[in-house]
Amino acid sequence: MIPVAMPNLEGNEKKYVNECIDTNWISSKGKFVKLFEEEFAKYCECDYATSCSNGTSALHLALMSLGIKKGDEVIIPNLTFATTANVVKYVGAKEVLCDVDKSTFNIDPEKIEALINEKTRAIIVVHLYGFPCEMDKINEIAKKHNLFLIEDAAEAHGALYGGKKAGALSDVACFSFFGNKIITTGEGGMITTNNPEIIEKVNILKNHGMVPGKGYYHEEVGYNYRLTNLQSAIGLAQLERIDYFIAKRKEIFSKYKSLLPNMIFQQDYEKGESSFWMVGIITNKREEIEKRLKENNIETRRGFYPLNQMPPYLDNRQFPNSEELYEKTLILPTFIDITKEQIEKICKIIKNEEH
Ligand SMILES: *Cc1c(COP(=O)(O)O)cnc(C)c1O
């Protein structure tokens with residue numbers, strides 16, 4: 001079977017994990033936690049990075065650190081992994097869905113302002129499949145209306161916009177290190193920002209609400225959202241090879257594109273440079289192609305359901321672009337160890353040239 005995603009753990013992962021075990025530092029204290037955070041901040045060219053248990057807890061912590069609460073509204077794209085909406089509900093706020101752009105799959109900056117009212121506190125943008133959002137325009141809107149801007153960069157480690165890294169394009173950004181992401185720790189997450197107050201709040205909230213240096217003094221209700229030294233050891237080893245991972249993904253995307261010249265692919269904005277988490281094509285023959293690939297033991301996945309069509313987030317307004325993209329998107333195998341021959345085989349099957 002050719003899968004959609006698969007991690008590559010051939011660097012220092014094993015060596016660093018063994019070091020954790022040999023030294024007994026397997027929980028959320030130990031040198032790799034700090035090292036991974038420091039290196040990740042450096043990589044994103046951000047002042048601060050703090051780790052947490054997964055991408056969802058990263059988003060939850062970000063919203064809490066900004067004081068988003070009941071009665072507030074947060075604008076999010078209608079096409080994303082549902083956790084972007086769930087975290088808004090966790091803090092008691094309301095998610096306000098915005099349609100996406102048909103060619104980039106990302107939140108349509110032209111449709112944001114109509115959704116802003118006196119309750120709006122923040123916008124969460126999602127760099128879908130590694131393709132960065134139109135950040136100049138969205139930052140301008142956020143500034144004009146005095147809103148917080150949050151990046152859900154769970155799929156976009158290393159993506160660039162105007163030469164700046166995802167994670168450094170907003171007030172606070174959130175990453176996931178789930179097994180299929182650009183770099184992985186198994187399960188894990190990271191928050192990046194240039195704002196020291198946000199980092200201070202997040203560090204308290206993720207550690208049971210305990211105030212550093214005050215023993216077991218809890219200033220507020222906190223969570224245990226910490227990343228372990230074992231996971232950080234894997235993360236550090238992955239981060240050492242991220243440039244190679246992204247170069248490979250770029251190569252995979254180009255290869256598909258050159259072999260499928262008549263197919264429509266997800267596109268970057270002019271200032272955007274995707275890190276190509278996944279290769280998505282848009283086709284009227286989605287079902288047919290999906291079936292043919294499956295018969296040949298090739299895994300694909302569909303795009304995300306529009307949030308407005310699912311029970312927790314129902315919304316009767318029209319979202320024509322997200323609805324159309326859901327119908328037509330097919331995600332092709334994009335793991336970094338896929339061979340040239342495998343891509344050629346997949347493209348032949350898509351074009352129905354031979355089996
Ligand atoms: C993977 C993902 C998340 C959540 O990450 P977890 O680590 O699985 O909690 C959040 N947002 C988007 C867009 C994702 O793809």
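It should be emphasised that the depicted structure is a prediction, and the values quoted were computed from it without experimental measurement.
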Using a strict threshold of under 4.0 Å (side-chain N to carboxylate O), is an ion pair present between Lys328 and Glu324? yes

Tell me whether the rings of Phe175 and His157 are parallel (<30°), tilted (30 to 60°) or perpendicular (>60°). tilted

Taking the side chain as every heavy atom from C-beta outward, state whether Leu293 and Ile350 have any pair of such atoms under 4.5 Å apart. yes

Using only atom types and a distance under 3.5 Å, with no angle test, would you say the side chain of Lys165 pairs donor to acceptor with the backbone of Glu45? no

Pair Phe40 + Phe177: ring centers closer than 6.0 Å: yes

Given a cutoff of under 4.5 Å between side-chain heavy atoms of I, L, V, M, F, W and Y, with clusters grown through shared members, what are the other residues clustered with Ile204? none

Only pairs at least two apart or in different chains count here, so list each salt bridge (Lys or Arg N to Asp or Glu O under 4.0 Å) that has a residue in residues 74-85. none

Is a donor on one side and an acceptor on the other found under 3.5 Å between the side chain of Asn296 and the backbone of Ile298? no

Quick check: does any side chain N or O of Tyr16 sit under 3.5 Å from a backbone N or O of Ser232, one acting as donor and the other as acceptor? no

Should the heavy atoms of other residues, nucleotides or ligands under 6.0 Å from NZ of Lys250 be counted, would the total exceed 12? no

Of Glu270, Glu273, Glu134, Lys271, the residue whose pairing with Tyr161 passes side chain to side chain donor-acceptor pair (under 3.5 Å): Glu134

With salt bridge (Lys or Arg N to Asp or Glu O under 4.0 Å) as the rule and sequence neighbours excluded, what pairs involving residues 210-231 come up? none

